[in-house]
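Shown next, in C-alpha cells, is the structure this report addresses.
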2 protein chains.
Amino acid sequence: MSEATLHRRIRAEIAERIRSGAWPPGHRVPSEHELMAAYGCSRMTVNKALAPLAEQGLIVRRRKAGTFVSRPRIHSVVLDIPDIAAEVTARGEAYGYELLGRAARVATSDEAEALGLVRPGRILSLRCLHRAAGRPFGLEERLINLAAVPEAAEVDFAAEPPGGWLLGHVPWTEAEHRISAAHPSKSAATALGLPTTAACLVLDRRTWRGDERITHVRLTFPGDAYDLVARFSPQPG
Amino acid sequence: MSEATLHRRIRAEIAERIRSGAWPPGHRVPSEHELMAAYGCSRMTVNKALAPLAEQGLIVRRRKAGTFVSRPRIHSVVLDIPDIAAEVTARGEAYGYELLGRAARVATSDEAEALGLVRPGRILSLRCLHRAAGRPFGLEERLINLAAVPEAAEVDFAAEPPGGWLLGHVPWTEAEHRISAAHPSKSAATALGLPTTAACLVLDRRTWRGDERITHVRLTFPGDAYDLVARFSPQPG
DNA sequence: GCGTCACATATGTCTATACAAAAAGAAGTC
DNA sequence: GACTTCTTTTTGTATAGACATATGTGACGC
C-alpha cells in the first residue's frame with residue numbers, strides 16, 4: 001500500500017504486526033541485523049524504517065537490549081476543526097452568517113490580556129452569528145490584533161466570515177485550541193437564543209505568527225448542535 | 001536543546017526559522033547541497049534532517065524545484081487525551097478512584113448499539129468515579145465487549161481503573177473520539193455532585209481491534225474541571 | 001555470595017558514493 | 001508558434017563501512 005520503497009515497506013509491515021496484536025506490547029522486535037538479513041538490505045535502510053516508529057513511540061529501542069513493542073499510553077488524536085460554513089453545508093443545511101457587532105478600538109485591559117498584548121494597541125472586535133437552516137448554530141467572538149494584521153481594518157466582515165478571510169490572508173505559525181464546556185454568557189445566550197443554563201461547547205483558538213499574536217476567537221456552540229470528532233489509528237505509516 | 005546530534009540540530013534550526021516566521025510560507029529552504037556545505041556534513045545527514053519535516057507537512061519538497069515552507073492550511077490539531085490519573089497528579093492534586101458499579105451481563109439493546117455489536121453478547125458494564133483532591137473530577141461509564149476481551153471478566157477493577165488496564169493488555173487498532181457538551185444525566189449528576197443543569201464536557205471514546213469493538217467509554221467532566229488543550233505548532237522537533 | 005571489570009552485542013550517528021526519478025528549462029524540429 | 005526531446009538540477013532511495021555509546025552477561029577475584 002502507498003509507496004513501495006523498501007524502508008516504508010519494512011516500517012509498514014512491522015507496524016501492521018503491532019497493530020494487529022501479533023506482536024503484543026513488550027514483544028521483542030527482530031534486531032537490525034536480523035531484519036537486514038530478512039529483507040536483504042543494508043542496516044541503514046532498516047534503521048531508517050525503525051527510527052520513525054521509535055519517534056512516534058510505537059516501539060522502544062535500547063542499546064544492547066534490542067527493540068521492543070511499547071505499551072501505548074498517551075492518547076494523542078488528530079482532531080479536525082473544520083470551517084463552520086463547510087461543517088454546516090456538509091450536513092446538508094443552509095448556512096447563514098450575520099455580523100452582529102464590529103468595533104475597531106484600543107484594546108481594553110481584558111482584551112489586551114486575551115490577546116496577550118504586551119502594550120496596549122488597536123484591535124478589531126467582531127461578533128458573528130453562524131446559522132444552520134436559519135437557526136443559530138454558533139457564536140463567534142473574535143479579537144484581531146491590528147498591529148499584526150492592519151489590513152483587517154479595511155475588510156467588510158459583514159459579507160465574509162473573518163475565519164476564512166484570515167486563513168487565506170494571514171500566515172500563522174502556531175495555534176492553541178482549548179475545548180471546554182460552559183454555560184453561555186448572558187450576551188451569548190441572547191445571541192444564540194438559549195437559556196443561560198444551557199450546556200455549550202466552547203472552543204478558544206489563539207493564533208500566532210512568530211511571537212506576535214494574530215487573533216483570538218471564541219466559538220460557542222449549543223451542546224446539542226455540534227460534536228467534535230477525532231479518529232485515530234495508531235500509525236499513519 | 002534536547003540531543004545534540006547533527007541531523008536533529010539541523011532539523012531544529014530549520015523548524016525554528018519557520019515557526020518564528022523568519023522563513024514565511026512559500027519561502028525556499030536551502031537545497032540539500034547548500035545545507036551540506038553550510039553544516040559541513042554529508043547529504044545523507046541533511047536528508048535525514050529534512051525527511052521528517054516533510055512527512056509532518058512543515059515543508060514541501062519537489063524534485064528539481066527544491067524545498068519550500070508549506071502554508072499551514074488544514075485545521076487539524078493534535079489533541080492529547082491523557083490518562084486521568086496522570087492528568088490529576090500533573091496538577092499536583094491527589095488522585096482518587098472509586099468503582100461505583102460493575103455488572104457482567106448480556107448486553108441490552110441500547111448497550112449493543114453503543115458497542116456496535118451485530119448480535120447480542122456478554123458485556124462488562126463499569127461505572128467509575130475519578131477524584132482530584134477528594135472532589136469528583138470525572139465520571140467514567142464504560143462498556144467492555146467480553147467477546148473481544150474475555151479476560152476483563154476476571155480483573156478487579158475496584159483496584160485499578162479500567163482505562164489503564166485495557167491500554168496495557170489489549171492492543172487496539174482504531175479509536176474514535178467524540179467531544180461534546182451536555183447536561184449530565186441524572187445519575188451522572190448525582191455521582192459528580194452537580195445539578196442537572198451543569199455544563200459538562202463529554203468525551204466518548206470507541207475503540208476497535210480490526211473489525212471488533214473493544215470498548216466504549218463515556219467520560220463526563222464538570223465544565224469547570226477540565227479543558228482539553230491542543231497545541232499545533234507545525235513541528236514538535 | 002557478591003561486587004567489579006571486560007567483552008560482546010545492539011543501537012546511534014555519520015560519511016562517501018551511487019543510481020533513480022521527477023521536473024524545470026533550453027534547444028531543436030515541424 | 002507549438003510540440004518534442006535533451007540536459008541539468010534537485011530530491012529519493014539505497015549500499016557499505018566506520019566509529020561511538022550504552023548495556024546485559026559472564027568471568028574473575030575477593
Side-chain angles (χ1 to χ4, degrees), chain A residues 1-18 23-71 235-237, chain B residues 1-18 23 25-71 234-237:
Chain A
M1 30 205 99
S2 74
E3 286 129 281
T5 75
L6 223 198
H7 72 261
R8 281 173 209 271
R9 211 189 96 210
I10 299 174
R11 195 184 311 163
E13 291 189 11
I14 290 175
E16 172 53 29
R17 264 167 252 180
I18 296 174
W23 289 354
H27 182 271
R28 185 191 171 126
V29 176
S31 76
E32 296 197 350
H33 273 99
E34 290 166 327
L35 289 170
M36 182 178 150
Y39 287 96
C41 65
S42 76
R43 196 166 74 88
M44 263 301 288
T45 303
V46 172
N47 188 277
K48 207 170 176 184
L50 296 183
L53 294 180
E55 213 153 311
Q56 290 179 241
L58 232 206
I59 58 177
V60 170
R61 317 195 71 190
R62 291 206 318 278
R63 284 173 163 122
K64 162 66 187 174
T67 302
F68 302 88
V69 178
S70 62
R71 332 194 153 251
Q235 215 337 41
Chain B
M1 32 207 101
S2 72
E3 286 129 283
T5 76
L6 224 198
H7 71 263
R8 281 171 209 272
R9 213 189 93 209
I10 299 174
R11 196 184 310 163
E13 292 189 11
I14 290 174
E16 172 53 29
R17 263 167 251 181
I18 295 174
W23 289 353
H27 182 271
R28 187 193 169 123
V29 175
S31 75
E32 295 196 352
H33 273 98
E34 290 167 325
L35 289 169
M36 181 177 149
Y39 286 96
C41 65
S42 75
R43 196 165 75 86
M44 264 303 289
T45 303
V46 173
N47 188 277
K48 205 171 176 183
L50 296 183
L53 294 181
E55 213 154 309
Q56 292 179 239
L58 228 210
I59 58 178
V60 170
R61 317 195 71 190
R62 291 206 317 278
R63 284 171 163 126
K64 162 67 187 172
T67 302
F68 302 88
V69 178
S70 59
R71 350 196 139 250
Q235 215 333 44

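To find a chain, count down the sequence lines: A is the first, B the second, and so on, and within it residues start at 1.
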Return the nearest nucleotide to the side chain of A:H7; candidates are C:dG12, C:dC14, D:dA14. D:dA14
Between C:dC14, D:dT13, C:dG12, which nucleotide has the shortest distance from any of its atoms to the side chain of A:R61? C:dG12
By side-chain contact (heavy atoms from CB on, under 4.5 Å) - contacts of [X] (at least two apart):
X: B:A54; result: B:I59, B:R61
X: A:A37; result: none
X: A:P30; result: A:W23, A:E34, A:L35

Tabulate atom names and distances for all N/O pairs under 3.5 angstrom spanning the protein and nucleotides 25-27 of chain D.
none

Near B:R62 CZ, under 6.0 Å, is it more than 12 heavy atoms from other residues, nucleotides or ligands? no
Got a sec, which residues hit salt bridge (charged side-chain N to carboxylate O under 4.0 Å, His left out) with A:R63, two or more places apart in sequence or on another chain? none
State which residues pass salt bridge (charged side-chain N to carboxylate O under 4.0 Å, His left out) with A:R17; sequence neighbours excluded, sorted by chain then number. A:E13
Neighbours of DNA chain D within residues 28-41 of chain A, by heavy-atom distance under 4.0 Å: A:G40, A:C41
Scan residues 42-50 of chain B against DNA chain D and write down, sorted by residue number, each residue with any heavy atom closer than 4.0 Å; if none is found, say none. B:R43, B:M44, B:N47
What is the distance from CZ of B:R63 to P of C:dG25, rounded to the nearest Å? 18 Å
B:R11 atom CZ is separated from C:dC14 atom P, nearest whole Å, by 10 Å
Mind checking the CZ-OG1 spacing from A:R11 to A:T5? Nearest 0.5 Å is all I need. 7.5 Å
Output side-chain donor-acceptor pairs under 3.5 Å for residues 43-52 of chain A, partner residues at least two apart or in another chain, one line each.
| from | atom 1 | to | atom 2 | distance (Å) |
| --- | --- | --- | --- | --- |
| A:R43 | NH1 | A:E32 | OE1 | 2.6 |
| A:T45 | OG1 | A:S42 | OG | 3.3 |
| A:N47 | ND2 | A:E32 | OE2 | 3.0 |

Distance test, side-chain N/O of B:T67 to OP1/OP2 of D:dT11, below 4.0 Å: yes
Establish, with yes or no, whether the OP1 or OP2 oxygen of D:dG12 is under 4.0 angstrom from a side-chain nitrogen or oxygen of B:R62. no
ring-ring contact (aromatic ring centres under 6.0 Å, His included) partners for B:H33, two or more places apart: none
Please give me the minimum heavy-atom distance between A:Y39 and A:R9, naming the atom from each residue. CE2-NH2, 3.6 Å
Distance-minimising heavy-atom pair for A:S70 and A:P25: O-CB, 4.1 Å
